[in-house]
Amino acid sequence: MSTTNTPIWQPSARRVAATRLTAFAAAAERRWHRRLASADFSGLHAWSVEHPQEFWASVWAFGEVRGEMGATVVVDREKMPGARWFPEARLNFAENLLRRRDQGDALVFWGEDKIKGRASHAELYRAVAQTVAALRALGVGRGDRVAAYLPNLPAAVVAMLATASIGAIFSSASPDFGVQGVLDRFGQIEPKVLFACDGYWYNGKVIDCLGKVSEIAARMPSLKQVVVVPYAGSAAGDLANIKCGVSLAEFLAPFADASDIRFEQLPFDHPLYIMFSSGTTGVPKCIVHCAGGALLQHLKEHQLHGDVRPDDRLFYFTTCGWMMWNWLVSGLASGATLLLYDGSPFVGRGSILFDYADAEGMTHLGTSAKFIDAIAKIELEPRRTHRLDKLRAVFSTGSPLVAEAFDYVYANIKQDLQLASVSGGTDIISCFVIGNPNGPVYRGEIQCAGLGMAVDVVDDAGKSVRGEKGELVCSRSFPVMPIGFWKDDDGAKYRAAYFERFDNIWCHGDFAEITAHDGFIIYGRSDATLNPGGVRIGTAEIYRQVEKLTEVVESIVIGQDWPPGNSGDVRVVLFVKLREGLALDVALEKRIKQVIRDNTTPRHVPAKILQVADIPRTKSGKIVELAVRNVVHGAAVKNVEALANPEALEFFRDRVELQG
């Protein structure tokens, strides 16, 4: 629960009057003759859920979607899965992102402190037009797959927009994935074209990629072309060793005069993206998302929940392997400039993102809870070293943002801004719970459920609960539900993933709570919750306490079957990574246990606390509790390729301290 009933931030009346959410509510009031004051967010949310035809038609109109909406908003809305949204609509996703053709900045790019660049809306349109022509010449069309193995470069945005323009399906992965990790993903979807990079920068070092690209191409028979994008300058040799390999310049050269795009007009549910689950428990699931759902949901989240306006400067620290990249790129549909960054966020001792914010007038800074925790640990004070005069919002996701991180942001980054902790996932390429630019921020809480999303928290019997922990669910369908999983023709895997726990209700797999302020607290993944003595504990409850201690850099907690071989009960085991040069001694262990006991319950106190040199994470930075639990129990981790640092698993294997 929140530690106080006093908001840590409240928007001024003047600020509220100017938000896109206020303008949307006023427009909807006039159109539907309802009382929908944006100040009454709970009433606005209730209308959005109870009257989806009115709400989503209003989002379409307010977002000025280019396309034909049709007369019908939804058919069989109560079916999950099975509802059909905007069945008569025709649109093109890329056309909606390329609506501007002026000389204003569309993209700004920083590659650490090595490379900078920018492209106007007119230049972006022309680059996409050339790429569309090149793809069409290869015979790429509706339903074909195009993959990108790229850093967060402008070229990745161009490749996606070109793919969407012709009705093909786009999928991406970051270049830090190994060969098998890429094949586990792209090998399932059989792309015709692969865009890849020669290398990339990370923490000042060049990482060459051509060897991996060559091996991937050789093992992917579906490829007709591999297009190599120059970036890090590591491609000293030619591309002769890459099957079907050409440079980006060669690929586009015949189409230098292309200046217009014929956008394919497609159904609302035409597939746009194939996203991948983390893959830490097996081969990644291939989640198919539709163009219309992604467009409407992102317009809603950017404009209504994030107050993104034309000419705003939108940034999110992400790679092309995380859904936040797809979310960021949709900012073009709201007329925003995308601020792209590739590399380590700790260049310049963690200051480079704030340097970027000042240099480019960043209005929205998106990052991870882990980054905020890390800069707090090194006592960075951007409000003293940077102007940040344009910054209106900070977004955080990836893991729960603890209450102390809220304190840090307002004390050390900026006092007057919306801090929006958000949560959703690759599964919906968007958010279930999110920010409200017109509402107060309470420390430790996500502000609200997304408009149009019937989000709830239920107990094991499926009954709604408030002020209690339970399962995060969505009880009614929504436009950005996946089309399904790739090659899951009967839908069995899709239904098993979200609909087996509760009939006709999406069960998201998060352990959560609705607060007295209609806000949300996420306590971790449901499949990683701890059950000592049958009491359910969210892992985030323990992390919040442990990581208050300055000695602790980060931690990971699991439930170990105890006694050994007994699957009926567990003991809580905490692993800690300490600041360099420190060792876990009796005094520190006692302090850790005491802070947990004082701020939670005796059930939360670990039976064992062990020091490790590193903690394994996915490519998108999420700690992998289930993988650690498997290692501790001697079970296999099925897909180590999904991890950014798989070698860290060895720190947990065969620990004598955990033997019987």
Side-chain angles (χ1 to χ4, degrees), residues 48-49 52-53 55-70 72-97 142-143 160-161 163-164 167-171 264-275 285-305 323-334 422 424-432 434 449-455 474 476-486 488 491 494 497-499 506 508:
S48 74
V49 170
Q53 297 86 351
F55 173 72
W56 290 108
S58 294
V59 173
W60 183 297
F62 191 77
E64 299 179 346
V65 172
R66 295 193 174 188
E68 296 295 326
M69 191 184 86
T72 306
V73 170
V74 62
V75 176
D76 294 329
R77 196 244 177 151
E78 300 305 321
K79 290 185 179 179
M80 277 207 292
R84 295 177 58 228
W85 291 88
F86 296 94
E88 301 155 10
R90 291 294 183 273
L91 58 88
N92 185 278
F93 182 84
E95 183 178 15
N96 280 276
L97 273 63
R142 295 189 186 193
M160 183 280 287
L161 291 170
T163 301
I169 308 170
F170 185 79
S171 193
E264 296 290 333
Q265 298 303 303
L266 303 161
F268 186 88
D269 61 358
H270 184 79
L272 169 70
Y273 292 128
I274 296 176
M275 309 291 293
K285 296 187 288 290
C286 305
I287 306 169
V288 186
H289 288 293
C290 71
L295 178 64
L296 277 194
Q297 182 80 339
H298 291 172
L299 282 169
K300 180 202 75 176
E301 292 187 344
H302 288 158
Q303 296 190 25
L304 307 189
H305 291 283
M323 59 138 291
M324 295 312 301
W325 180 85
N326 309 75
W327 190 92
L328 168 65
V329 173
S330 290
L332 290 168
S334 294
V422 305
T426 300
D427 320 74
I428 62 167
I429 204 171
S430 60
C431 305
F432 279 118
I434 194 166
L451 291 167
M453 312 290 277
V455 182
C474 194
R476 299 186 185 179
S477 65
F478 46 94
V480 78
M481 287 174 64
I483 301 169
F485 294 167
W486 190 254
D488 179 28
Y494 178 37
Y498 310 110
F499 304 105
W506 178 293
H508 194 53

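Starting from 1, each residue takes its place in the sequence as its number. The structure displayed is predicted, hence computed values, not measured ones.
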Drop me the distance from [X]'s [atom1] to [Y]'s [atom2], to the nearest 0.5 angstrom.
X      : Y      : atom1 : atom2 : answer
Phe478 : Trp56  : CZ    : CH2   : 9.5 Å
Asp488 : Ile287 : CG    : CD1   : 11.5 Å
Ser430 : His298 : OG    : NE2   : 5.5 Å
Phe268 : Leu295 : CZ    : CG    : 8.0 Å
Trp60  : Leu91  : CH2   : CG    : 4.5 Å
Leu97  : Ser330 : CG    : OG    : 5.5 Å

Heavy atoms, side chains only, cut-off 4.5 Å: are [X] and [Y] in contact?
X      : Y      : result
Asn96  : Val65  : yes
Gln53  : Val74  : yes
His289 : Leu272 : no
His302 : Trp327 : yes
Phe93  : Tyr273 : yes
Pro267 : Arg90  : yes
Trp85  : Asp269 : no
Thr72  : Arg84  : no

Are any side-chain N or O atoms of [X] and backbone N or O atoms of [Y], one a donor and one an acceptor, separated by less than 3.5 Å?
X      : Y      : value
Asn92  : Glu95  : yes
Thr163 : Ile169 : no
Lys300 : Leu451 : yes

Would you say CD of Glu64 has more than 12 non-hydrogen atoms from neighbouring residues, nucleotides or ligands within 6.0 angstrom?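 Result for CD/Glu64: open.
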
Using a cut-off of 6.0 Å, state whether more than 12 heavy atoms not belonging to Glu68 lie near its atom CD.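 It does not: Glu68 CD has 12 such atoms or fewer within range.
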
If every non-hydrogen atom of [X] is compared with every non-hydrogen atom of [Y], which pair is closest and at what distance?
X      : Y      : result
Pro81  : Met481 : CA-CE, 4.2 Å
Ala454 : Val49  : CB-CG1, 3.8 Å
Ile274 : Trp486 : CD1-CE3, 3.7 Å

Parallel under 30°, tilted from 30 to 60°, perpendicular over 60°: which one fits the rings of Trp506 and Tyr498?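 The rings of Trp506 and Tyr498 lie parallel, inter-plane angle below 30°.
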
Parallel, tilted or perpendicular, judged at 30° and 60°: which one describes the rings of Phe432 and His508?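 The arrangement is perpendicular - the two ring planes meet at more than 60°.
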
Derivation and outcome, side-chain contact (heavy atoms from CB on, under 4.5 Å), residues Phe86 and Val73: CA-CA 4 Å; Phe86 296 94; Val73 170; 3.9 Å; yes

